[in-house]
Amino acid sequence: MKKSLTVCVVGCGDFARNFVPLFKAHPYVSKVYVCDLLPERAQEYKKMFDVETIDSYEQALERSDVNAIANFTQRHLHGDIVRRALLSGKHVYSAVPMASKVEECQEIVELVKKTGLTYMMGETCIYFPSSMFCREKYAEGAFGRFVYGESQYYHDIEHFPANFKADLTSAGVPPFFYPTHSTAMMLHALDTYVTRVVSFGYQDQEDDLYYKVGVNQWDNVFSNEYSLMQLANGGVARVNECRRIGYKAPSSSIQSFYGTQGSYQFNNAQHLLYSKTPNGVGLENVSDYVNPEAMTAHKAEKDFMLRVANHEWQGNSYSPVQEKERKRLPESYKNLGNGHMASHQLLIDDFCSAAYSGALPTVHAWLAARYTIPGLIAHQSALQHGAALDVPDCGMPE
Ligand SMILES: NC(=O)c1ccc[n+]([C@@H]2O[C@H](COP(=O)([O-])OP(=O)(O)OC[C@H]3O[C@@H](n4cnc5c(N)ncnc54)[C@H](O)[C@@H]3O)[C@@H](O)[C@H]2O)c1
């Protein structure tokens with residue numbers, strides 16, 4: 001009998017509340033604890049989810065009955081939190097991104113190699129329908145050789161939760177320090193990695209205090225960052241991270257994906273697949289296959305496009321392209337919540353199954369590095385007005 005998981009969720013903020021019930025209900029998890037720097041937050045979780053609290057992260061690391069950490073601390077803290085967990089012999093599930101420094105990503109990969117522990121980055125977007133569709137069709141050969149694609153994560157700072165905006169020292173984080181929603185969609189679809197990047201920043205011009213020198217801890221003035229990434233497979237991707245943009249949804253998507261034999265285009269709720277023919281192209285509207293079922297159910301209504309643009313039906317409903325993945329979920333997840341294009345349940349099942357069995361998880365440390373490091377280098381390129389920079393690669397597990 002393998003050792004079951006005892007998980008301590010660190011960071012009882014906005015996001016972790018979606019995941020505590022999923023850890024609790026997973027058949028490989030025997031117990032869930034929570035902890036937060038702010039005791040009132042841990043107490044709120046205790047009441048809400050009927051879990052025990054641990055007073056501090058340091059205590060969680062010392063406890064021999066805790067064998068896994070689920071990290072939901074603020075995005076710029078992940079490198080140190082994860083490093084310490086691995087050094088203490090704990091498996092790690094971490095919200096994105098992997099870390100904010102290249103060296104921290106490399107160290108996490110080395111620690112995973114050395115210890116054999118499970119590390120998984122919970123990148124929701126690998127299960128987003130547009131990415132899954134491109135991955136499936138690319139593997140089938142429908143696009144031929146990949147030549148060019150566009151992926152992006154657009155999330156206006158005004159749409160972020162109040163507590164995120166209230167912390168002015170960290171709300172103005174450089175957009176490419178949180179790069180994985182856009183990079184992972186493309187790279188997961190293609191099974192490749194970035195070798196070189198050029199990037200430009202948009203210097204923010206609004207009167208509020210997020211993207212200003214002397215306000216945020218990075219002295220960052222860019223609210224949007226745009227890049228071209230050279231890929232190891234010979235293709236090129238345009239990858240953007242924007243936080244000041246009058247656009248709400250789909251907030252994270254592959255907008256286009258072009259190959260020598262076919263292509264894909266997506267906007268609002270319309271997904272189109274083109275294929276090269278002797279005299280032109282074939283065109284298939286694949287929207288019903290890619291959109292969530294709840295969205296498709298409303299497609300004939302007059303305000304459909306507007307409701308999609310305002311983020312409706314993008315939480316819990318599965319789409320047909322996710323069906324194969326959905327089938328492997330445990331029975332105990334049936335009536336539980338989900339989120340982010342129905343990705344939450346799949347991610348927690350990925351991690352628990354991997355940590356329990358010892359198999360590699362879906363977004364293991366090497367892939368997490370491949371999805372995070374290009375963004376960190378892209379920010380350096382933006383600071384150098386678009387200098388072309390090499391992107392270090394940690395390779396793949398042997
Ligand atoms: N789609 C996605 O993948 C997605 C969506 C939302 C958030 N996230 C990620 O989830 C993470 C959490 O986001 P959030 O909005 O819940 O943040 P939050 O600020 O609401 O919560 C973070 C919590 O971590 C606690 N914390 C920080 N350091 C700690 C420590 N050393 N010990 C104990 N507690 C500590 C803070 O006190 C805070 O309560 C972020 O990294 C964010 O990037 C990912």
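We count residues from 1, following the sequence as given. Whatever order the structure lists ligands and atoms in, that order sets their numbers, starting from 1.
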Only heavy atoms count here, so choose which of [options] is nearest to [atom].
atom: atom 32 (N) of ligand 1; options: Leu347, Leu38, Val10; result: Val10
atom: atom 33 (C) of ligand 1; options: Asp55, Thr73, Leu37; result: Leu37
atom: atom 31 (N) of ligand 1; options: Asn18, Ile81, Thr180; result: Ile81
atom: atom 15 (O) of ligand 1; options: Asp14, Val9, Asp36, Asp80; result: Asp14
atom: atom 3 (O) of ligand 1; options: His181, His340, Met341; result: His181

Relative to ligand 1, is [X] under 4.0 angstrom through side chain, backbone, both or neither, heavy atoms considered?
X: Phe15; result: both
X: Phe164; result: neither
X: Asn163; result: side chain
X: Arg41; result: side chain

Protein heavy atom at shortest distance from [atom]:
atom: atom 42 (C) of ligand 1; answer: Val96 O, 4.0 Å
atom: atom 24 (O) of ligand 1; answer: Gly11 CA, 3.2 Å
atom: atom 1 (N) of ligand 1; answer: Thr124 OG1, 3.1 Å
atom: atom 12 (C) of ligand 1; answer: Phe72 O, 3.1 Å

Derivation and outcome, side-chain hydrogen bond (donor to acceptor under 3.5 Å, both in side chains), residues Ser30 and Ser4
CA-CA 6 Å; Ser30 54; Ser4 63; 3.1 Å; yes
Check your understanding: Checking side-chain contact (heavy atoms from CB on, under 4.5 Å) for the pair Val239/Gln152: CA distance, chi angles, key distance, verdict?
Key -> CA-CA 5 Å; Val239 179; Gln152 60 204 37; over 6 Å; no
Verify atom 17 (O) of ligand 1: protein non-hydrogen atom under 4.0 angstrom away =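 False for atom 17 (O) of ligand 1.
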inquiry  = side-chain hydrogen bond (donor to acceptor under 3.5 Å, both in side chains) for Asn71 and Tyr57? Distances and angles first, verdict last.
reply    = CA-CA 10 Å; Asn71 168 38; Tyr57 185 48; over 6 Å; no
(Q) For Tyr211, is there any backbone N or O sitting under 3.5 Å from a side-chain donor or acceptor partner on Asn220? (A) no
Checklist line | Parallel, tilted or perpendicular: rings of Tyr28 and His26 (30°, 60°) | finding: tilted
From the list Thr118, Leu347, Leu367, side-chain contact (heavy atoms from CB on, under 4.5 Å) partner of Pro361 resolves to Thr118
**Prompt:** Has Arg17 got any heavy atom lying under 4.0 angstrom from an atom of ligand 1?
**Reply:** no
Arg244 charged N/C atom sitting above Tyr154 aromatic ring, 6.0 Å / 45°:
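No cation-pi geometry.
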Only residue of Tyr289, Phe266, Phe133 satisfying ring-ring contact (aromatic ring centres under 6.0 Å, His included) with His271 is Phe266
*Check the pair Arg84 / Glu58 against salt bridge (charged side-chain N to carboxylate O under 4.0 Å, His left out), numbers first and verdict last.*
CA-CA 9 Å; Arg84 286 159 68 201; Glu58 289 65 32; 2.4 Å; yes
Can you confirm whether more than 12 heavy atoms, excluding those of Lys24, are under 6.0 Å from its NZ atom? yes
